[in-house]
Amino acid sequence: MSSHEMDDGELTPGVDDHEPTGSDADHHVFWADAVADEILDRDPDEPIVIKGGVSPSGIPHLGHFNEILRGFFVAEVLRERGHAVEQVFTSDDRDALRAVPRNLATEDWEIVGLGAVDGGALGRNLGVPYTDVPDPFGECHDSYGAHFAGLLQDSAELIGVPVTFESNTALYESGRFDDAVDTVLASDDAASVLADYQASATADDVPFMAQCPECGHLTPDVSEPDLDERTVAFACTGMEAGDDEIDGCGAEGRVSLREGKLPWRFEWPAQWTTLGVDFEPFGKDHAEGSWPSGEEIARTVFEAEPPVPFVYEWFTLGGEPLSSSSGHVITVSEVMELVGPAVVKYFFLRNPGRAKDFDVSRLDQLVDEFDRFERLYFGEEDGPEELTALADRAYPLLVDEVRPDRVRLPYTFAAVLGMVEDRGFRVQMARDEGHIDDDTPEWAIDAALERVERARRWAERTDNAYNYRLQRDLPTHEFDAATRAALDDLADFVAAGNDGEAIQGEVYETAKRHDVPVGEFFEAGYRLFFDDTQGPRLGEFLGELEQAFVVERLRRDG
RNA sequence: GGGCCGAUAGCUCAGUCUGGGAGAGCGUCCGGCUUUUAACCGGACGGUCGGGGGUUCGAAUCCCUCUCGGCCCGCCA
C-alpha cells in the first residue's frame, strides 16, 4: 500500500460535466458511486479486485447476473476515477452435485429436459464435485462444472463484461489455496467461530471435506489433519444433500489437502484472501448467513479485512421466484435475443436494494423506459430530477459508445415491422414514421433494425398482440359474394396507386358500398394477409407492401 | 423462535440516506388522427405513501409498534 493513495482519492472526485451542480460531495445519485467511495476509503492495492461467483449447478439464469453486473458498474466507476480494476468470477466448482436438475442447457443454449441426457449417470455422481462429474453432453467440456461455467462465461461475453474466471478446483489443485487451507486447519479458533454462527457446526469439527480417492465423493468425515505432510484422515461415509442422504463407499485412508475442499463458510473468505478481493456483491440469502460468519472468519482466522459487502435483492420472473430446479428461468442468452445488452444492463442499474420483477410479457415497457432514460441523458426530454441525474451519471456505462445520432424504434412499433421479413419494407415504414431520414447513417439503421428482430422474437415467444406474420401464400378463406366484390374493388383502388392512408379510408368506403359490416371486412383483410382475424392498422400496412402483391392477394389470386 | 429486507396509483417503479410541492411510465376512460380494428398525439380519472402511535412548526422520509410478504439461522444469485 503506497503512501500517496490518499491523494488519488482527492484528485479524482468522479465528477463529470453531467454531474448536476450543487449536489453534495458525499451524496450520489448512483449506488455504484457510493460503493466506490467505500472501497477507496480503504486505500486498496491496485488493481482493485471485484469478485462474484456461483456454483455451476445448472442453467445460468438472469439472476446469476447480479454477481457480474453489480460488480461491473462498480468496476466501471472505479476505472472512470482512474483506478486499475480486475473483475473476477469464481466458479465454485468443487462443490458437490447435490441434486439432478430437471432441465439443462447445451453449449448452444438449447434448453433440454433431463431425458435428453444420461440422467442415471448424473444420479450416480451426486456428492461428487462438479469438476469430476462428466459433462452430460459428452465431449464439449471436461466436466459438468466446466460445461456450465462455460455458459456463464459465454453470457458475460454476450453482454460485454470483461471477467476473469477462476475455478475453485483449479485453485485447490494448483496449490494457490494451500496457504488458506493451512491457515484454517492450523487455527485454534476456526471451528469455534463457525460454531457460533451455524447450529450444525461444533468447535470440534475439522473444517475440511475430503474427496474419496475410491469413489470421488466428498465426505465431511475427516480427522487428524497433518499439516507437515499436508494430509488428512477420512472415512467415506456419505453426506447430506437437502432431505436426501448420499451414501459413501466406506473407504478409509488419508488424502492430500489438495484433494478436497474447505466448507463454503471458510472457502468464501479463503477466496477473498487468496485473490485479494476488495468488493463482493451477494444475494440476500448470504446476507444473514455466510456473510456475518465470513466477515469474522476473515478477521480472526485469516487476519485480513473482508471485502466491502453489497447485498442485492432477488428479483422475480413474471411475479414468481426464479428457480433452476423447477425450470422457471430465463437465460441471459434468451434475454439478449429479446432486448440486447444495453437494456439488460439498464435493468441491473436500478435500485439494487429493492426486489424487481422481470416481466417478459411487458418487455416493451422495460425498453420504453430505457429509451426514455437515454433521451433524458441526451437532454431530448425533461423528467424527474433524480432520474435525470441518474441518467446523466450512469447512461454512458450502458452502451459501448455514446451516440446522439442513434435511432431507437419504439419496441412495439418494431414488433409491427417484424410482421414482414423484408428489410426494405421495414426501412420504408420507419422512414414514413419519421424515425429515419436521409441523414441517418447506415450503422444507425442497422442497429435500429436489430431491435425489429428482437421485438419479433418477443412477439413470437409471448404470442402476443404483435404476433402476426404476413402470409407468403394465400390462406384458406371463405367469403360471401358481397365481400368478394368489395375486395375486388379495394384491389382496384390499390392498383390505382393510392397510398396507405387512402387505402385505410377506402376500406370503410368499400365496405359501406357493398353493404359489408366494417368489422367483417377488416376480418377478411386480416384473413388474406395474416391468416387471422386481427392485425395491425390495415390500410397503412398494405400501403407499405409491394403494390402488385397486395392487388393479387386482395383478388385471391395468390 | 431469533434476525435481515421490503410494502408508494390497476400494473411496473422513482422519491426514503439529507423531513417541507406525492411523482413517472404503462394500463383505463375521453378526445384527435376525414368516418371502431392494439403503431401516433392530447387530456382526464386514479394514491388515508400497509395499519397505529411518537418526535417535529411540518413525516412517504426519523423513532417505536403491529400486519402482511420475501429471505436467512442446512444449500441457493
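Order of the sequence lines sets the chain letters (A, B, ...), proteins ahead of strands, with each chain counted from 1.
Counting non-hydrogen atoms of other residues, nucleotides and ligands closer than 6.0 Å to CG of D437(A) gives a total above 12.
Contact of E509(A) with U35(B) (side chain to base): a donor-acceptor pair of N or O atoms is detected under 3.5 Å.
Note on D368(A): nothing from the nucleic acid sits closer than 4.0 angstrom, heavy atoms only. Looking at heavy-atom distances under 4.0 Å, G505(A) makes contact with a base. Counting any heavy atom pair closer than 4.0 Å across all strands shown, Q534(A) reaches a base atom. H61(A) comes within 4.0 angstrom of a nucleotide base, judged by non-hydrogen atoms across all strands. Using a 4.0 Å heavy-atom cutoff across all strands shown, G525(A) reaches no nucleic acid atom at all. The residue E523(A) sits apart from the nucleic acid: no heavy atom pair falls under 4.0 Å. Note on F315(A): a base of the nucleic acid sits closer than 4.0 angstrom, heavy atoms only. R265(A) comes within 4.0 angstrom of sugar-phosphate atoms only, judged by non-hydrogen atoms across all strands, and of no base. Nucleic acid contact class of V518(A) (heavy atoms, under 4.0 Å, all strands): base. Within 4.0 Å of G283(A), counting heavy atoms only, lie sugar-phosphate atoms of the nucleic acid but no base atom.
Taking atom C1' on both nucleotides, G47(B) is separated from G54(B) by 24 Å, rounded to a whole Å. Comparing the C1' positions of G69(B) and G50(B) gives an interatomic distance of 11 Å, to the nearest angstrom. Comparing C63(B) with C30(B), their C1' atoms are spaced 46 Å from each other, to the whole Å.
Distances shown here put every side-chain N or O of Q504(A) at or beyond 4.0 Å from the OP1 or OP2 atom of A39(B).
Separating the CZ atom of R375(A) from the C1' atom of A24(B) is a distance of 12 Å, rounded to the nearest angstrom. The interatomic distance linking D532(A) (CG) with A38(B) (C1') rounds to 12 Å, in whole Å. Whole-Å rounding puts the L349(A) CG to A14(B) P distance at 12 Å.
Across all non-hydrogen atoms, the minimal contact from D463(A) to N467(A) is OD1-ND2, 2.8 Å.
Between Y377(A) and F373(A), the ring center distance fails the sub-6.0 Å criterion.
For the pair M419(A)/R469(A), no side-chain contact is recorded, criterion being any heavy-atom separation below 4.5 Å from C-beta on.
Distances from the side chain of D357(A) to the nucleotides A39(B), U12(B), C73(B) place U12(B) closest. Of the candidate nucleotides A39(B), C75(B), C11(B), A39(B) has the atom lying nearest to any side-chain atom of V416(A). Distances from the side chain of A465(A) to the nucleotides A38(B), C75(B), G70(B) place A38(B) closest. Checked against U12(B), C75(B), C40(B), the side chain of T412(A) finds its nearest nucleotide in C40(B).
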